[in-house]
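Some notes on the structure that comes next.
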Amino acid sequence: MIGLLLRDLRLAVRAGGGFGLGLAFFLIVVVLVPLGVGPKADLLALIAPGILWVAALLACLLSLDRIFALDHEDGSLDLLATAPIPLEGVVTIKALAHWLTTGLPLTLASPLFGLLLHLPGPAYPWLMVSLGLGTPALSVIGTFGAALTVGLKRGGLLLSLLVLPLYVPTLIFGAEAVRRGAEGLSATTPLVLLAAITLGSIAALPFGSAAALRINLR
Amino acid sequence: MELRVTDLACARGGLPVLEGVSFALAAGRALILRGPNGVGKTTLLRTLAGLQPALEGSVSHPPETIAYAAHADGLKATLSVAENLAFWARIFGTGDIAPALDRMHLRDLADRPAQNLSAGQKRRLGLARLLVTGRPIWMLDEPTVSLDTASVALFGAVVREHLAGGGLALMATHIDLGLDEAEVLELSRFRADPRRAADVFDHGFDEAFL
Amino acid sequence: MTSIWEYANPKKFMQTSGRFLPWIAGLAALCMVGGLIWGFFFTPNDYKQGSTVKILFIHVPSAMIAINGWGMMLVASLIWVVRRHHVSALAAKAAAPVGMVMTLVALITGAIWGEPMWGTWWAWDPRLTSFLILFLFYLGYIALWQAIDNPDTAADLTSVLCMVGSVFAFLSRFAVDFWNQGLHQGASISLDGRDDMANVFLFPLLTCMLGWVLFFLTLVLLRTRTEIRARRLKALIARERMG
């Protein structure tokens, strides 16, 4: 299992853009928004929590189709399915690797992007906590979507269509936590709900992902 | 150690292609699957390897004993030969890759990225993967594609050693590897009967309703 | 006693559904036309909302079918996963576009109703938003069916999606409620005996709802029959090729 994780991380680093691509996309969205809505600091501060969360979500979405597609093309997925690791373990590790290469860097870099959008001071800790709690759910749910569409030729667009509705609760609770933080209110309730969704997804969805993979491989 | 297949039927893309396949393979023996393109060699191997469910019949072998090698070698272009092999060794919990590298004459290429290998070298690496799995039943789909004569001979020798060590091999190939231990199974006689090969929408269906 | 699963046999299903379909369709037309005429012309105008309120006779039943259509797909998917009855998988496939259109009808009639009442065509109200999200779920489900060639694989994968999607749709509903308390009124009909709606509106509405249910049933049966014929055709073509 650790071997699989290390290989995926090494591949992400070597292929170039494993870590960088998501962050660069995040940066571009954050730069484009003020260009689109105008430079007023108070307006940007108002919408910053939502923009940051939507940008993080799209950055996660960007790299989802690579989770299984490359392994499917070169046959590794068939070989992994006959290996002694249960497929549920494989998908969990894949999701973890995806989170380590997209969700975690986004979480760590988010204060910087918050600065660009004039995010109010008290919101910063909540931004990092909510992204840290919420992005694992994005990776796990995304892995499920990737498992559903792995064998399809034009899977990329379909993958977005399938995964985005599933992201709704995570997005709502995540952005709500930051918004409440920005207004100086207590953000505990949305954070607890966000954590519940993340934990529930991690506990249950790998079974769905593994089932989808098995169906797609046969 | 025995692989026993009883009255197996398998499907490709939802359509039955083979039925009534039965054979038993004991330790130290090899079976070569023959038959024209599209007869279902790959489908049979995938079914036996557990990648797809059988329509009917049963496959019995001790658990976790099958090493499957498909057309694709499952190599990562950006990883070196040694890294590719070490990954699979770790997944299968065997660890040491040195004997496999030596056996398949890959020692000199160990640090080269897989993307810089020739097709034949990639294939040798793919076969070296079988050695590091440490599993006794090899299921090989066209293992000799893009190998030169010397490599085919090398591969034949490796398979023979594997069999001598109590292993089994099942392969779909058209090349004569010179294996005395091998029997040949002609698959075209198991071709599924199109009349019997009916799914639920083609079985006892009265045309009057359509 | 015959088991209910007997009707999951495609042949038996075609036989039985063919016999009942005209009656169900006729009854659906009767209830819908009757309910709508009763509702539109024989009920008084609301003292606040005027005649605009009468769009509820389309809006409410459509919304009901939109939600319960997904529920029916979930049940059919579960039956397919557990018992592998092909008809069940095809019924789920057949219901999806009907449910999606009903969702759209509920959204559009809601917009038409909302404009004079709230002064806006669209508001990010929890109920409206939930329906928009439900629409996206339908869209994804249908797109997945369309994308996969092998019918059994498609049935399996869409069933998995339907089950996971149901959980997330439920969560979304809850999340959206949390996100915004809205303009939309609460449910007007409930079984707790405390009637929020005058009987003069209630009875035509119930007739419409019955009509919509039968209409949904008619469309799903028709579409399932078409899907079965399509599968039958596919099986015949495949056999032709092999033989």
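Proteins come first, then strands; the chains are lettered A, B, ... in the order of their sequence lines, and each starts at number 1.
Ile215(A) does not touch chain B: none of its heavy atoms, backbone or side chain, sits under 4.5 Å away. If you measure heavy-atom distances from Arg135(B) to chain A, the contacts under 4.5 Å come from the side chain alone. For Leu79(B), the parts sitting under 4.5 Å from any heavy atom of chain A are the backbone and the side chain alike. Within the 4.5 angstrom heavy-atom criterion, only side-chain atoms of Phe87(B), from C-beta onward, approach chain A. Interface remark: Ile85(A) contributes side-chain atoms only to the contact with chain B (heavy atom separation under 4.5 Å). Both the backbone and the side chain of Leu80(A) have a heavy atom closer than 4.5 Å to some heavy atom of chain B.
The most heavy-atom pairs under 4.5 Å with chain A, out of Leu75(B), Ile66(B), Asn84(B), Thr133(B), come from Leu75(B). Considering only heavy-atom pairs separated by less than 4.5 Å from chain A, the leading option among Ala72(B), Ala70(B), Ala11(B) is Ala72(B). Residue with the most contacts toward chain A among Glu83(B), Arg12(B), His71(B): Glu83(B) (heavy-atom pairs, distance under 4.5 Å).
We find the CZ-OG1 distance between Arg46(B) and Thr82(A) to be 9.5 Å, quoted to the nearest 0.5 Å. Separating the CZ atom in Arg218(A) from the SG atom in Cys10(B) is a distance of 14.0 Å, to the nearest 0.5 Å. Between Asp73(B) atom CG and Asp74(A) atom CG the span is 9.0 Å, to the nearest 0.5 Å.
Summarising the local packing, CD1 of Ile2(A) is surrounded by 12 or fewer heavy atoms from other residues, nucleotides or ligands at distances under 6.0 Å. Other residues, nucleotides and ligands contribute at most 12 non-hydrogen atoms within 6.0 Å of the CZ atom of Arg4(B). Residue Phe207(A) places its CZ atom among 12 or fewer non-hydrogen atoms of other residues, nucleotides or ligands, all under 6.0 Å distant. For Leu157(A), the CG atom is loosely surrounded, since the number of other residues' heavy atoms within 6.0 Å does not exceed 12.
A heavy-atom distance below 4.5 Å is found between the side chains of Arg129(B) and Leu79(A).
Here the closest heavy-atom approach between residue Trp88(B) and residue Ser76(A) is recorded as CH2-O, 3.8 Å.
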_Could you go through Leu70(A) and Lys76(B), starting from their C-alpha distance and side-chain angles, then the distance that decides it, and tell me whether this counts as side-chain contact (heavy atoms from CB on, under 4.5 Å)?_
CA-CA 9 Å; Leu70(A) 298 178; Lys76(B) 290 296 170 191; 4.2 Å; yes
